[in-house]
Structures are given as structure tokens and as C-alpha cells.
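Quick notes on the structure that follows.
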Protein chains: 4
Amino acid sequence: MSSIARAPRSDNRLPRLLDEAARLFRQKGYHAASIRDVAAAVGMLPGSLYYHFASKEDLLVAVYEEGVRQISDAVVVATAGQSDPWRRLEAGCVAHLEALLRLNDYAQVVIRVLPRDVPKARSRLTLLRDAYERLFTDLIAALPLPAGVDRRYLRLMLLGALNWSQNWYHEGKDTPKTIARRFLKLLQVSLRGEE
Amino acid sequence: MSSIARAPRSDNRLPRLLDEAARLFRQKGYHAASIRDVAAAVGMLPGSLYYHFASKEDLLVAVYEEGVRQISDAVVVATAGQSDPWRRLEAGCVAHLEALLRLNDYAQVVIRVLPRDVPKARSRLTLLRDAYERLFTDLIAALPLPAGVDRRYLRLMLLGALNWSQNWYHEGKDTPKTIARRFLKLLQVSLRGEE
Amino acid sequence: MSSIARAPRSDNRLPRLLDEAARLFRQKGYHAASIRDVAAAVGMLPGSLYYHFASKEDLLVAVYEEGVRQISDAVVVATAGQSDPWRRLEAGCVAHLEALLRLNDYAQVVIRVLPRDVPKARSRLTLLRDAYERLFTDLIAALPLPAGVDRRYLRLMLLGALNWSQNWYHEGKDTPKTIARRFLKLLQVSLRGEE
Amino acid sequence: MSSIARAPRSDNRLPRLLDEAARLFRQKGYHAASIRDVAAAVGMLPGSLYYHFASKEDLLVAVYEEGVRQISDAVVVATAGQSDPWRRLEAGCVAHLEALLRLNDYAQVVIRVLPRDVPKARSRLTLLRDAYERLFTDLIAALPLPAGVDRRYLRLMLLGALNWSQNWYHEGKDTPKTIARRFLKLLQVSLRGEE
DNA sequence: TATGAATGAGGGTTCATTCAT
DNA sequence: GATGAATGAACCCTCATTCAT
């Protein structure tokens with residue numbers, strides 16, 4: 001009846017390894033973050049890292065996978081609370097941008113490290129990104145839109161604008177939430193007077 | 001009166017050096033393109049390059065400068081032919097995107113190589129980018145817009161979306177011109193039916 | 001009377017381990033075949049291998065031992081059927097060469113991996129080789145030879161030529177049997193006309 | 001008339017680099033001799049070596065080339081003094097073996113490092129070896145031999161036996177010259193009494 | 001018998017850069 | 001303007017091996 005308490009899962013350093021990799025890839029980018037940096041951050045020797053990952057690219061892919069998982073979850077959770085299509089899209093964009101700009105090393109890596117900069121992992125990274133973007137394809141598919149609006153371009157424009165914000169955002173000014181909402185507003189209203 | 005015409009331009013290889021640097025930075029990115037690669041492409045030895053540039057960052061900055069110059073010229077020339085503010089903006093976006101996606105190694109470097117990826121040159125690169133973006137600030141300032149529209153966000157959204165297209169564009173489908181126009185259209189019309 | 005039959009051989013993987021080690025040492029050589037390679041080939045982890053062998057050198061020595069055992073057996077069996085000394089030598093050479101070139105990973109390792117390439121095992125490997133070569137010392141001792149012929153050099157020449165054939169033999173042309181016979185023939189006849 | 005003495009060829013360290021590489025490859029074999037070893041022996045940093053050679057394999061090939069050159073020269077010079085075909089062959093074998101066993105790091109590498117142990121350089125090494133062996137093909141072609149003697153096998157046997165002597169030779173006993181002569185003698189006489 | 005996780009050393013190689021000539 | 005030769009640091013990675021479990 002009394003069961004012996006099983007030893008808690010071995011004090012695995014793999015999660016910390018991923019955390020530090022995410023942090024460094026986000027901070028310095030893929031090329032500038034060395035395997036040594038990552039290993040040192042988790043208190044390992046560089047070679048030890050290769051017990052967990054066969055190559056630096058594989059480490060990146062693992063971070064990407066986790067990044068996509070986390071940001072997907074964030075978007076799914078955020079949109080679940082809404083039923084109105086525009087509200088749902090807005091919630092998704094806000095979640096996306098908050099992960100991207102502030103909260104989440106993993107998610108930031110997904111946007112910051114561009115597939116074309118890592119040829120050996122390019123296709124895998126692209127697949128992961130594409131899978132994620134499908135969430136937005138769906139959110140946009142649900143929008144009631146005027147005839148003739150190309151939903152694909154709507155997605156590309158919206159996500160492009162959001163993702164690019166990593167290049168100009170500085171903590172302290174507008175919040176991610178504000179940014180996302182303003183971008184959406186620009187799409188919702190007509191900028192041409194004659195309408 | 002007739003002075004002996006001195007050959008005004010030595011056959012120096014600096015232009016080719018910049019051309020090849022632009023090509024390689026565009027193709028591989030900053031980190032993956034080595035000084036060796038660039039030197040080899042011009043038929044120089046790596047050390048010789050340092051006669052022209054004090055560091056790899058300086059070489060990048062020189063390419064950036066030329067890139068900004070060329071893409072600025074392209075935008076200025078394109079907009080010069082138009083007087084209607086929206087037409088002017090459209091012409092600017094098309095010129096921007098064509099340089100970015102197809103025509104111009106220098107211009108592509110300006111978008112492809114992100115300042116944060118090159119800490120030692122970051123501020124210089126950012127200054128150059130900002131100077132260029134001012135062209136769009138002006139184009140957008142001239143637009144007749146409904147009250148309450150934040151022109152700064154309009155610029156950030158539009159340029160963000162355009163710049164990000166480097167990440168998904170593939171030659172053969174839509175042309176840069178089409179893409180630019182569709183993005184603008186999305187901004188011009190109201191996506192919300194009720195408006 | 002009937003004792004409980006103990007399963008005499010556990011399903012232990014040591015034989016397969018040796019087999020794969022032999023295969024890999026033969027295929028890649030000692031240095032290029034890593035403990036990882038061997039372990040992976042048996043479906044073990046590298047560390048697990050150290051339950052069976054204290055070091056990579058010990059593993060090599062074990063393969064060598066088995067190699068010498070097998071090639072010795074082959075030679076003994078082949079010569080057993082012959083009584084004429086020259087026939088016996090020929091049978092031994094053919095058996096030696098067939099093991100060496102075609103049939104036997106273990107035997108091939110004995111010739112392919114040179115003692116001087118593995119300093120830590122050098123003396124042990126040399127002892128094993130020497131023990132094996134004694135078979136040929138005996139076969140040659142039994143030959144009726146003209147006076148003045150140095151039997152030691154005969155052995156060195158014959159075995160050297162045979163062993164070196166690993167460096168030029170390609171499956172498909174002459175068979176090991178043919179090669180061995182031709183070498184012997186060259187020794188048996190006089191190449192100098194005047195005799 | 002009095003010309004200004006040109007600066008003696010730059011005190012190039014490449015020759016020393018090759019010398020030390022030859023020495024170490026001969027001493028330890030290809031795999032066990034590291035780039036770091038070679039560099040240290042010549043007083044360079046490991047990376048500096050790559051100014052001269054693009055890879056470790058290329059360094060080996062360069063040593064091989066020099067080895068083949070030197071041993072070829074030795075054989076050519078040695079045989080030049082003789083006119084009798086058997087004497088010429090003998091002189092060639094003696095020169096070959098002296099280079100192989102005692103005198104010449106470069107030549108020893110050619111025999112000690114086996115092409116199959118260096119897959120990336122295999123074909124190049126084999127070509128070099130083959131070119132060298134053609135000297136012996138020619139020497140053997142010139143021999144007056146009984147009908148039916150296969151000269152190719154004669155070459156393979158002779159060179160195999162000579163080359164393999166690296167595996168058993170120890171300074172102090174018989175000299176290379178003696179060894180070469182004894183091997184040849186074994187071929188020249190008939191070992192079969194009845195012939 | 002093995003695994004999981006790591007060590008410590010060292011592998012070959014590439015990098016941006018320097019500087020005498 | 002450029003070369004030839006090298007530096008020093010760092011690169012990613014692989015090695016044989018260890019040891020608690």
C-alpha cells in the first residue's frame with residue numbers, strides 16, 4: 001500500500017540545455033551562438049552536448065519545434081476564448097506578438113532565425129513554420145470578408161508585418177498587444193477616403 | 001590649354017570587390033559569407049582585402065551604404081513620375097520590392113542582413129536603414145488619410161510586410177509588382193463589411 | 001541421472017559483438033572503426049561495450065585471437081589432407097589466402113591491422129601473428145630443399161607476398177587459389193635460364 | 001656586372017613542414033599523427049598549416065608524391081649503373097628496400113600508409129603507387145625468362161615480399177641489401193630438386 | 001548485462017586579421 | 001595595391017572511456 005516514492009525523474013539537464021540554447025539563439029542568433037556558449041551556460045562540456053543532439057542544426061530544430069509548440073499553444077489558448085472571427089484573429093495576433101517580442105525565447109527563435117540562414121536545417125525549419133502559420137490560415141479563413149479579397153495575401157501581409165516588428169520593437173514604448181491591434185485596425189478600416 | 005588627360009579611373013578592383021561582397025552577403029548571409037569567399041570571388045587573397053576595408057563589418061557597411069543608395073534612387077526615380085499620393089506610394093513600394101526580391105544584390109543585403117546579427121556594425125546599419133525608411137515616411141505623410149490613422153504604424157506595417165516577403169517569395173509566382181499592389185490594396189479597402 | 005539441463009549458452013551478445021568488430025576493423029581499419037560504430041552495429045550503447053572489453057585494444061586483441069584461431073584451423077584442416085610436403089605447403093597457402101581475401105573477417109583483420117599501428121597492443125598482436133606463422137615455419141621445414149636455401153627467408157618471402165595481396169586483390173580476377181599457386185610456382189621453378 | 005645579391009628564397013617553412021609530416025606519418029601512421037603534431041614539430045600553429053595544404057589528406061598526398069619521386073630517383077639511379085637485366089633488377093630491389101627500411105621517411109610513408117586506410121585520398125595514392133611500380137614492370141619486362149612465366153605475378157610477388165618486410169625488419173640483423181638479394185635468389189634458383 | 005549521461009582530451013578545420021615585403 | 005605567410009582564437013564535432021543506477 002505504502003509505495004516507495006520513486007526517485008523523481010532523473011535530474012535531466014536536457015530541458016535546461018534547450019532553455020539555454022533557446023536563450024542564446026534568441027540573443028545572438030544562430031551563427032553567433034556557439035555550441036560552447038550553450039554548453040557553458042548549462043555547465044556542460046561542449047562535447048557532452050552531443051549526447052543529446054547530433055549536430056548544432058539538430059539542436060536548433062529541437063528549439064524550433066518547442067518554439068512552434070509553445071507559440072501554437074499560446075495562439076490556440078488565446079483564440080479559444082473568442083467566438084467572433086475578428087476577435088479570434090485579434091487574440092491570435094496578440095498572442096503571437098507577445099510571444100515574439102517579450103515572453104518566449106523559444107518562440108522568438110522561430111522568427112529570429114531564418115531558415116535560409118541555416119541551409120542544412122532549412123527544409124525542416126520551413127516545415128515547422130508552415131505548420132504554425134496554418135493556424136492563421138484558419139483564423140483568416142473564418143473571417144467574413146468582402147468579395148475579391150485574397151486571403152493568402154492577407155495572411156502574408158499580417159504575419160509579415162508582425163514578424164518584422166522584431167526588428168524595430170523596443171520594450172517600453174507600445175506593447176505587443178497595442179501593436180497587434182493597430183495593425184489589424186489598419187486592415188479593417190479603409191484608408192481611402194472615397195469609401 | 002589642352003592638358004594631358006590623366007586616366008581618371010585606375011583599373012582598381014574595389015567596385016568588383018563590393019559587387020562580389022554584395023552577391024555573397026545576399027546569397028549566404030553575413031556570417032556564412034567569409035572574407036575568403038569574397039576575396040576568392042574577386043581573385044584576391046584574403047589579406048589583400050584589408051587594403052580596402054579595415055574589417056569585415058566595414059565591408060558590410062560599405063555594401064549597405066551602396067544598397068541604400070541604390071534602392072533610394074530606385075524609389076525616388078519611380079515616384080518622381082507620379083503626382084497622386086497613393087500612386088506615388090504604390091510606385092515606391094513596387095520599386096522597393098523589385099529591388100528587394102529580384103534586381104539588386106546591394107538592396108537585398110540591406111533587408112537580408114539584420115543589424116542585430118552584426119553587433120559591431122549595428123548602429124551604423126540601423127542609421128542607414130532609418131535614413132532610407134524616411135522616404136516612406138514622406139510618402140505616407142503625403143497621403144490623405146482618415147483622421148485617427150497612425151501614419152507611423154502604417155509605415156511599419158507596410159514596410160514590414162514588404163520586407164518579410166524575402167522569406168516566402170519564390171521567383172515564378174506573383175511578381176514583386178503584384179505583391180506590392182495587393183498589399184496596398186488590402187490597406188486601402190475596408191476588410192470589415194459594415195464600414 | 002537426469003540433471004536439470006542448464007541453458008548452457010545465455011543469449012549473450014558477445015559473439016555478435018566480436019563479429020561486428022571484426023567486420024568493421026576489416027572494413028575500415030582499426031583507427032577508422034570507432035567503438036561507437038561497433039556498438040551501434042550490435043545495437044548496444046558505446047559504454048555497454050566496456051562490460052565485455054576493458055579497452056578498444058582489448059577488443060582488437062580478442063578479434064585477432066579469434067582470427068588467428070580460425071585461420072590456423074583452416075590451414076591445419078587444409079594441410080591435413082595432404083602428405084607431400086610441397087602439396088601440404090600449397091594447401092596451406094591456398095587456405096591462408098582464401099581466408100585473407102574472401103572468406104573471413106577475423107582472419108582479414110589479422111593481416112589488415114598492423115601491430116605497429118596500435119602501439120598499446122603491439123606486442124600482443126605480434127605474438128599472435130608469430131604463433132600463426134609457426135605453422136608455415138613447420139610446413140617449410142618439411143620441404144626437401146636444395147642445400148643453402150634459407151628457409152626463414154623463404155617463409156618471409158612467401159608470406160609477405162601473400163599478405164601483401166590484400167593491397168591489390170580485387171574480387172573477380174584471379175581467385176585466391178590461383179594466386180597462391182602462381183606464387184609457389186615462381187619459387188619452385190628456376191627463373192634463371194642456365195639452370 | 002656586380003649584381004645585387006637577391007634575397008635568398010624566403011625562408012620558407014614548407015619544406016620543413018613536409019619533412020616533419022613525412023617523419024610523423026612514417027613514425028605513427030596516418031591516423032595517429034595529428035595535424036597538431038605536425039604543426040608543433042615545425043613550430044607552427046595547427047591552423048597555419050592550412051595555408052599550405054587544404055586538408056590532412058592533401059598533406060599526405062604531397063608527402064606521397066615526394067616519396068614516390070625520391071624512391072623512383074633512387075631506383076633509377078641505382079639501375080642506371082647496370083646493364084645485365086638481373087643485375088638491374090637486383091639494384092632496383094636493393095634501392096627500393098634501402099629507402100623503405102632505413103633511409104627515407106618519404107619513401108617509407110608510401111609503403112606504410114595504405115591507400116585503403118585513407119578513403120578520401122585513396123585513388124590519388126593508388127595512382128602514385130602504380131606509377132612507381134611501373135619501374136619494376138619495366139625491369140621485369142627486360143628479364144630473359146623461361147616461357148610460361150607470368151611477369152605480372154613475378155612483380156606482385158617480389159614487391160609484395162619486399163614491401164611486407166617493413167612489418168618484420170629490425171635494424172641490426174640483415175641489411176636491406178642482404179634481404180633484397182636473398183629474395184631474388186629464391187626466385188632465381190629452383191626450389192624443386194627434380195627440375 | 002546493460003543504460004544514460006557525461007567527461008576530458010583532442011580531432012580536423014575555418015575564421016578574421018596582421019604585417020613584412 | 002597586393003602578396004605570402006602566418007597568427008590566435010575559435011569552430012563543430014568525435015573519441016575512448018567512466019560510472020552511478
Side-chain angles (χ1 to χ4, degrees), chain A residues 7 9-14 17 31-39 42-59 120, chain B residues 10-14 17 31-39 42-59 120, chain C residues 10-14 17 31-39 42-59 120, chain D residues 7 9-14 17 31-39 42-59 120:
Chain A
R9 312 245 297 80
S10 75
D11 67 321
N12 210 327
R13 284 142 100 190
L14 194 147
L17 204 174
H31 285 103
S34 73
I35 285 283
R36 273 165 168 76
D37 290 340
V38 176
V42 28
M44 272 180 172
L45 296 180
S48 306
L49 209 145
Y50 286 81
Y51 174 76
H52 300 281
F53 298 96
S55 69
K56 195 186 176 187
E57 287 91 15
D58 281 9
L59 174 58
K120 284 186 192 159
Chain B
S10 71
D11 66 327
N12 82 27
R13 289 138 98 189
L14 196 145
L17 205 171
H31 285 104
S34 71
I35 286 283
R36 267 170 172 69
D37 290 339
V38 176
V42 220
M44 270 178 174
L45 295 182
S48 308
L49 210 144
Y50 285 80
Y51 176 80
H52 301 281
F53 296 95
S55 69
K56 194 187 178 187
E57 288 89 15
D58 282 8
L59 173 57
K120 285 185 192 160
Chain C
S10 70
D11 67 327
N12 82 25
R13 288 136 99 188
L14 194 144
L17 205 172
H31 284 102
S34 71
I35 286 283
R36 268 170 171 67
D37 290 339
V38 177
V42 220
M44 270 180 175
L45 296 183
S48 308
L49 210 144
Y50 285 80
Y51 176 81
H52 301 282
F53 297 96
S55 70
K56 193 186 177 187
E57 287 89 15
D58 283 7
L59 174 57
K120 285 186 191 160
Chain D
R9 313 245 296 81
S10 75
D11 68 322
N12 211 326
R13 283 143 100 192
L14 194 146
L17 205 172
H31 285 102
S34 73
I35 285 283
R36 275 165 167 77
D37 290 340
V38 176
V42 28
M44 271 179 173
L45 296 179
S48 305
L49 209 146
Y50 285 80
Y51 176 75
H52 301 282
F53 297 96
S55 68
K56 195 186 179 188
E57 287 91 14
D58 281 9
L59 173 58
K120 284 185 191 160

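In what follows, every chain begins at residue 1, and chains take the letters A, B, ... in the order their sequences are listed.
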Original post:
C:Leu49 CG to F:dC15 C1': how many Å, rounded?
Top reply: 14 Å
**OP:** Please figure out whether B:Tyr51 or C:Ala32 has its closest DNA chain F nucleotide nearer the 5' end.
**Re:** B:Tyr51
Original post:
From A:Leu49 CG over to A:Arg13 CZ, what is the distance, rounded to the nearest 0.5 angstrom?
Top reply: 10.5 Å
**OP:** Indicate whether OP1 or OP2 belonging to F:dA5 is found under 4.0 Å from a side-chain N or O atom of D:Asn12.
**Re:** yes
Original post:
Once you round it to whole Å, what is the distance between P of E:dG11 and CG of D:Asp37?
Top reply: 6 Å
**OP:** Using the test side chain to side chain donor-acceptor pair (under 3.5 Å), find all partners of C:Ser34 that sit at least two apart in sequence or belong to another chain.
**Re:** C:Asp37
Original post:
How would you list, by chain and number, every residue that makes a side chain to side chain contact (heavy atoms under 4.5 Å, CB included) with C:His52, sequence neighbours excluded?
Top reply: C:Leu14, C:Leu17, C:Met44
**OP:** Take atom CG of A:Leu14 and atom C1' of E:dA6, then tell me their distance rounded to the nearest Å.
**Re:** 13 Å
Subject >> Residue of the set A:Leu59, A:Ile35, A:Val38 for which side-chain contact (heavy atoms from CB on, under 4.5 Å) holds with A:Phe53 >> reply: A:Leu59
Subject >> d(CG, D:Leu17; C1', F:dA6) in whole Å >> reply: 12 Å
**OP:** Name all stems that contain residues of DNA chain E, defined as runs of 3 or more consecutive Watson-Crick or G-U wobble pairs, both distances under 3.5 Å.
**Re:** E:2-21 with F:2-21
**OP:** With sequence neighbours excluded, tell me which residues meet side chain to side chain contact (heavy atoms under 4.5 Å, CB included) with C:Leu45.
**Re:** C:Ser48
Original post:
Taking all atoms of both residues into account, what is the closest heavy-atom pair of D:Arg36 and D:Pro46, and its distance?
Top reply: CG-CG, 3.7 Å
Subject >> d(NE2, A:His52; P, E:dG4) in whole Å >> reply: 12 Å
Original post:
CZ of B:Phe53 versus P of F:dA2: gap in Å, rounded?
Top reply: 12 Å
Original post:
Taking the side chain of D:Arg13 as heavy atoms from C-beta outward, which of F:dA2, F:dT7, E:dT3 is closest to it?
Top reply: F:dT7
Subject >> Spacing between A:Leu45 atom CG and F:dC12 atom P, to the nearest angstrom >> reply: 15 Å
Original post:
Between E:dA2 atom P and C:Met44 atom CE, what is the distance in whole Å?
Top reply: 4 Å
**OP:** Would you give a per-nucleotide map of nucleotides 16-21 of chain F, 5' to 3', where B means the base has a protein non-hydrogen atom under 4.0 Å away, S means only the sugar-phosphate does, and - means neither?
**Re:** BBB---
Subject >> Nearest heavy-atom neighbours spanning C:Ala33 and C:Lys56 >> reply: O-NZ, 2.9 Å
